[in-house]
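Quick caveat, the model's predicted, so the values are computed rather than measured.
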Amino acid sequence: MTTTAPHLLTTPAGPAEPGAPLSRAARWVALAVLVLAVLLVAVDATVLGLATPFLSEDLRPTGTQLLWIGDIYSFVIAGLLVSMGSLGDRIGRKKLLLIGATAFGGVSVLTAYASSPEMMIAARALLGVAGATLMPATLALIRNIFADPRERSLAVGVWGATASAGAAVGPVVGGFLLEHFWWGSVFLINLPVMAVLVVVGVRLLPESQDPSPGPWDLTSVVLSLVGVIGVVYAVKETAAHGIRGEAAAAGVAGAAALFWFVRRQLTLPRPLLDMRLFRSRGFSGAVLADLLTILGLSGLVFFLSQFFQLVQGRAPLEAGLAELPAAVGAVGAGLLAGVMARRYSVRSVVAGGLAAIGLALAALTGLSQSTGYPVLGAVLLVVGVGAGLSFTVTADVILAGVPKEQAGAASAVSETAYELGAALGIALLGSIVTGVYRDFATPPGVPADAARAAHESLGGAADAASALPPTQATALVGAAQDAFTEGMRLAAGAGAVVLLGASVAAFFLLRGEKLDG
């Protein structure tokens, strides 16, 4: 690599200048570096699922804290993506990517050694800040590196497959580490990957940016962050506990901030995000499909991780391997998505992908503790295929619809939908699971303190049962497992309704959309 890379990225006149075309080989080498960042951010979003029982035992978070540990990472990324995508357009996407990668590695150490639920939540939030610099930069660089539409479709397919596969591979990696090390190791794996990305990326990646970007509006940055986090927090809390004053206030404040953000973008000469992009039915439809695709995928993967371990009694590595069909399906479908969209149509591929996820979730409404792996493996495979088809094609539609100088902001829109979908998938489906779980009837004779711990989380139930006599322990764990499974059935049904409805909407919204080339 070190002997060929300089040749790949230079011309007889010397190093490639920003915006200069790369050779074919250099483009694919650059893509290989970019997907390292995508893989790591996607893995970090789901690797926590398997570590949840270990976190519960060590840090003893409440049920609400446990949900925040799971979703604050995605909330912060979603809130900052537009701002960071626009910042990359201004200071250089390569520069932002390398800064973000360095920060991501450093904060991973802090996360690994968190000693309290509050510290873990704060560390995951900081990881989200760093992660927000990575994703839009990678997709924007792809838009600028690959000028040929068919090449770009394949590159986006690789990128999308990596993102989807990372979400599914996270449990496998986490499972291996958790069987050999403590839970913090699932974050320390970020360090070597980020080191490779920075060292190789400095040499291989070309720089690109908007030649006349205008100032970076800090007011818009704050508004987008407050708006997204406020609205999502309100949705999460309302779904879990019903309408309460605190959640309602957060929702109103978030909605007001987003309204102000949109108004401000329409008046700025060089906005962080050109809101006129959403006037395109295809662009808006693609963004909506992105969000709902990942909502179904991430919510399913997060809760199946716990189901495999705490309900069916699988070891962490076995549970991670059990989710591998989702990665296989996502990778295969992502690589073929562009070809299929050109042969058939954009709307049929995206709508078909969303319908596949919806039907797979519907199949889980029959879930029980004794459901065999062939059924669960098939469900995960179908979800992976659906996500690979839908997410890859919509990302290509979004990128192709904007000029190169706005690639960062447009990429951020796609990534905001991705991360918001991941956060909402965990928050909304998780709130249903948690709401059902907390209402299970405590078996007779179980002490009050053990009952309280058991109602906080399924991991807490297992921990509390370890101090009880065998008969009471068995009864308590059995009741908790039944409640968790019932919550998953209801959450899967709700997810199926959302995804099947989204499939119908995408079929109409993406009417007439075509990929270039």
Side-chain angles (χ1 to χ4, degrees), residues 40-80 84 99-134 170-171 173-175 177-178 180-194 225-226 228-230 232-233 236-237 240 246-247 250 298 302 305-306 309-310 316 419 422-423 426-427 430-431 434 452-453 455-464:
L40 208 55
V41 173
V43 164
D44 239 58
T46 57
V47 73
L48 197 64
L50 283 177
T52 296
F54 301 88
L55 278 170
S56 298
E57 182 179 351
D58 192 13
L59 302 182
R60 299 187 181 278
T62 65
T64 300
Q65 286 175 328
L66 196 59
L67 279 178
W68 273 112
I69 290 171
D71 58 34
I72 188 64
Y73 172 76
S74 293
F75 285 176
V76 173
I77 286 183
L80 286 176
M84 293 302 181
I99 292 171
T102 303
F104 200 92
V107 178
S108 295
V109 177
L110 177 64
T111 310
Y113 291 98
S115 57
S116 68
E118 294 80 7
M119 184 177 176
M120 172 60 77
I121 293 170
R124 290 281 288 171
L126 290 175
L127 266 183
V129 175
T133 68
L134 301 179
V173 175
L177 292 171
L178 290 168
H180 296 85
F181 308 99
W182 100 113
W183 59 262
S185 62
V186 302
F187 300 107
L188 293 183
I189 59 167
N190 296 339
L191 297 179
V193 179
M194 284 302 179
L225 180 63
V226 171
V228 171
I229 292 181
V232 176
Y233 174 80
K236 182 183 78 70
E237 288 298 301
E246 180 183 348
S298 63
F302 184 80
S305 293
Q306 297 179 61
Q309 289 181 91
L310 298 176
E419 294 299 338
I426 295 172
S431 296
T434 301
R452 282 193 298 272
H455 280 83
E456 286 295 333
S457 69
L458 187 52
D463 187 45

[X] to [Y] - nearest heavy-atom pair and separation:
X: G100; Y: T133; answer: CA-OG1, 2.9 Å
X: A464; Y: A453; answer: CB-CB, 4.2 Å
X: M119; Y: S115; answer: SD-N, 3.4 Å
X: L188; Y: V109; answer: CD2-CA, 4.1 Å
X: L191; Y: G105; answer: CD2-O, 2.9 Å

Kindly compute the distance separating [atom1] ([X]) from [atom2] ([Y]), expressed to the nearest 0.5 Å.
X: I121; Y: I69; atom1: CD1; atom2: CD1; result: 5.0 Å
X: D463; Y: L458; atom1: CG; atom2: CG; result: 11.5 Å
X: L110; Y: L127; atom1: CG; atom2: CG; result: 8.0 Å

Please examine the side chains of [Y] and [X], heavy atoms only from C-beta on, and report whether any two atoms are closer than 4.5 Å.
X: P117; Y: M120; result: no
X: V76; Y: R124; result: no
X: W183; Y: L59; result: yes

L225: which residues meet the side-chain contact (heavy atoms from CB on, under 4.5 Å) condition with it, sequence neighbours left out?
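Testing L225 for side-chain contact (heavy atoms from CB on, under 4.5 Å), a comparison that skips the adjacent residues, returns L80, I229.
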Plane angle bin for Y113 and W182 - parallel if under 30°, tilted between 30 and 60°, otherwise perpendicular
tilted
Between S108 and F104 (side chain of the first, backbone of the second, donor and acceptor by atom type, cut-off under 3.5 Å), is there such a pair?
yes
Determine whether M194 and L134 satisfy the following criterion, side chain to side chain contact (heavy atoms under 4.5 Å, CB included), listing intermediate values before the conclusion.
CA-CA 11 Å; M194 284 302 179; L134 301 179; 3.5 Å; yes
Just wondering, are more than 12 heavy atoms of other shown residues or ligands nearer than 6.0 Å to CD in E246?
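No - once you tally the heavy atoms of other residues, nucleotides and ligands closer than 6.0 Å, there are 12 at most.
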